[in-house]
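Quick note: numbers below take in every heavy atom, side chains included, and nothing from hydrogens, waters or symmetry partners. The sequence lines fix the lettering, A, B, ..., with proteins before strands; numbering per chain opens at 1.
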2 protein chains.
Amino acid sequence: MRRKEIIRPDLNPNVSVDCVIFGFDFQQLKVLLIEREGDFPDEKSRLALPGNLIYDDENLNMAVNRVLKELTGLDNIFLKQIGAFGGVDRISKETDKEWLRSIRAHPDARVITVAYYSLVRISDYLPAASSFAVTANWYNVDEIKDLAFDHYTILKTGLNQLRREISFRPIGFNLMPEKFTLGQLQRMYEAILGRSLDKRNFRRKIMKINILSATDEKEYDVPHKPAQYFKFNEANYKSLVETGFDNFSF
Amino acid sequence: MRRKEIIRPDLNPNVSVDCVIFGFDFQQLKVLLIEREGDFPDEKSRLALPGNLIYDDENLNMAVNRVLKELTGLDNIFLKQIGAFGGVDRISKETDKEWLRSIRAHPDARVITVAYYSLVRISDYLPAASSFAVTANWYNVDEIKDLAFDHYTILKTGLNQLRREISFRPIGFNLMPEKFTLGQLQRMYEAILGRSLDKRNFRRKIMKINILSATDEKEYDVPHKPAQYFKFNEANYKSLVETGFDNFSF
DNA sequence: AATACTTAGTGTAATTCGTACACTTTCAAA
DNA sequence: TTTGAAAGTGTACGAATTACACTAAGTATT
């Protein structure tokens with residue numbers, strides 16, 4: 001059986017990385033999508049996750065970090081693998097096939113993609129810094145109904161994993177600026193979880209966990225009682241982890 | 001940037017699937033490993049996860065199901081993807097490189113592997129039915145300290161994912177025979193979670209969840225009070241899922 | 001200056017869930 | 001008859017979860 005490896009090395013599958021880049025604008029959960037050139041039946045199907053084939057001298061981490069750097073100008077951003085998708089008939093949409101014929105040497109080769117999700121501060125993202133030859137924009141996650149290839153499946157899978165992960169680890173802080181109010185933090189959790197939370201219960205739990213430090217700054221110029229700003233306390237979180245604590249469900 | 005896709009299609013990475021096949025012998029959690037031929041410094045490094053390159057006309061699911069069928073003779077067994085591993089220097093152990101030179105046409109090509117874990121009833125596994133040209137055996141998971149390539153990392157990652165998943169979904173029943181005692185079920189949870197559980201608390205919760213049906217059969221010929229046999233009640237579990245229930249932590 | 005609007009900020013009570021803990025029963029083996 | 005081994009069973013305490021409503025402090029409007 002192992003001999004089959006010897007007689008079938010010729011046309012190996014291509015491997016790409018695709019990235020679900022989440023952001024948060026203090027209102028809704030956003031995803032960064034690229035708009036492809038060409039004729040597409042509707043806007044949805046011309047939108048795709050940013051991604052690219054991986055180079056021969058790269059490993060997976062290098063490839064996904066390169067794609068992110070090219071697109072957002074950012075290094076060292078939070079990344080987690082969603083998984084590998086696809087195979088021989090992953091690309092079934094006819095317009096996608098045509099598009100691939102226009103840009104790839106071997107358009108019929110199977111492409112297996114390894115997908116990641118990442119969490120970025122929208123304010124850090126500089127569209128102008130992008131070296132991507134395509135336009136990229138933020139879209140509300142809950143308004144996306146379809147995407148190119150199987151990217152909608154990847155988006156949904158990534159969102160489900162994010163929802164699960166965030167109740168074990170406070171990874172949502174990667175979406176927030178350094179200083180934030182408790183109201184903003186709660187809206188971030190609500191945007192990711194897709195449901196509203198009780199303000200008092202949320203505050204009691206986050207303060208009890210003790211991973212926030214109050215600053216002496218407040219909001220100003222807001223047409224309501226100004227809120228206090230807090231920071232994420234990395235050191236407190238680390239010592240919390242060492243106790244085995246992993247309950248961040250709200 | 002997209003143009004790079006055109007000028008770099010020549011040596012694409014190979015993609016393999018590897019499988020962490022878990023079993024349970026009513027005492028400990030087991031994993032099915034293959035023993036490679038050749039000279040290796042010790043027994044550990046000659047042991048590897050079963051796996052193979054994927055064919056050009058297969059997708060990932062077909063490939064992993066094929067590998068499982070070839071090795072175990074079993075179809076339709078529980079499978080969950082762990083993720084994609086590796087890249088250009090995934091294979092760093094010298095003995096592994098030598099072994100690959102002996103069996104592959106392009107031993108230096110990068111291999112990215114997509115790993116899965118599966119849960120099988122040990123009693124269903126028929127070693128004789130295997131068409132693999134290598135010997136395969138069950139090993140106690142907690143006695144494995146190292147494996148070929150990066151397979152030990154894959155095993156640990158898979159075990160961690162299994163531990164997390166089993167507290168949301170009762171997937172452990174895939175390891176059990178149709179009829180089992182509550183003691184056997186508890187030992188299965190203990191083997192996966194790696195810690196002992198309180199008998200009364202375990203029983204109270206599993207009975208409250210109401211996903212077991214009592215049979216009218218009992219153990220016999222056992223040197224202690226014979227235990228009642230239970231079955232997993234799929235229908236009850238399905239209606240439970242519809243309520244949104246997903247707390248299977250013990 | 002008064003009013004309206006908006007979000008910040010705060011406590012309590014009821015319920016459910018998690019956890020710790022010990023003795024009797026029933027079989028086979030000695 | 002005794003011994004050993006696992007089955008089977010209930011209670012009490014503390015922690016966590018949930019539901020719920022009013023006052024405070026700003027800006028904007030009139």
ask   = Nearest-Å distance, CE (A/Met207) to P (C/dA8)?
value = 14 Å
note = Across all chains, not counting sequence neighbours, the salt bridge (charged side-chain N to carboxylate O under 4.0 Å, His left out) partners of B/Asp124 are none
key: Neighbours of DNA chain D within residues 175-183 of chain B, by heavy-atom distance under 4.0 Å   = B/Gly183
note = Counted 5' to 3', the first and last nucleotides of DNA chain D within 4.0 Å (strictly under) of a heavy-atom of chain B are D/dG4 to D/dT11
key: Under 3.5 Å: donor-acceptor pair, side chain of A/Asn236, backbone of A/Asn210   = yes
query = Hey, is the main chain of A/Gln27 close enough, under 3.5 Å, to the side chain of A/Arg187 for a donor-acceptor pair?
reply = no
inquiry  = Restricting to side chain to side chain contact (heavy atoms under 4.5 Å, CB included), what partner residues turn up for A/Asn160, sequence neighbours left out?
reply    = A/Arg163
Salt bridge (charged side-chain N to carboxylate O under 4.0 Å, His left out) partners of A/Asp75, counting only residues at least two apart = A/Lys69
Extract all donor-acceptor atom pairs below 3.5 Å that involve side chains of residues 225-232 of chain B and protein atoms in other chains or at least two apart in sequence.
residue: B/Gln228; atom: NE2; partner: B/Thr215; partner atom: O; Å: 3.0

note = Sequence neighbours excluded, the answer for side-chain hydrogen bond (donor to acceptor under 3.5 Å, both in side chains) partners of A/Asn140 is A/Lys30, A/Glu143
task = May I have the distance from A/Phe202 (atom CZ) to C/dG9 (atom P), rounded to whole angstrom?
result = 12 Å
task = In whole angstrom, give the distance that lies between atom CZ of A/Phe230 and atom C1' of C/dA8.
result = 11 Å
message = Tell me if the aromatic rings of A/Phe173 and A/Phe180 count as close, with their centers under 6.0 Å from one another.
response = yes
Provide a list of protein-nucleic acid N or O atom pairs under 3.5 angstrom, restricted to nucleotides 14-17 of chain C.
residue: C/dC17; atom: OP2; partner: B/Lys208; partner atom: NZ; Å: 3.3

Contacts under 3.5 Å, N or O only, protein and nucleotides 21-26 of chain C:
residue: C/dC21; atom: N1; partner: B/Arg200; partner atom: NH2; Å: 3.4
residue: C/dC21; atom: N3; partner: B/Arg200; partner atom: NH2; Å: 3.2
residue: C/dC21; atom: N4; partner: B/Asp198; partner atom: OD1; Å: 3.3
residue: C/dA22; atom: N1; partner: B/Arg200; partner atom: NH1; Å: 3.3
residue: C/dT26; atom: O2; partner: B/Lys225; partner atom: N; Å: 2.6

ask   = Is B/Lys199 salt-bridged to B/Glu190, cutoff N-O under 4.0 Å?
value = no
ask   = By ring pair (Phe, Tyr, Trp, His ring centres under 6.0 Å), which residues pair with A/Phe245, not counting sequence neighbours?
value = A/Phe248
task = Look at atom CG of A/Asn76 and say whether more than 12 heavy atoms of other residues, nucleotides or ligands are closer to it than 6.0 Å.
result = no
request  = Under the ring pair (Phe, Tyr, Trp, His ring centres under 6.0 Å) rule, collect the residues that match up with A/Tyr139, sequence neighbours excluded.
outcome  = none
ask   = Roughly, in whole Å, what's the span from CG in B/Leu197 to P in C/dA20?
value = 11 Å
A/Lys179: partners by side-chain hydrogen bond (donor to acceptor under 3.5 Å, both in side chains), with sequence neighbours left out = A/Glu217
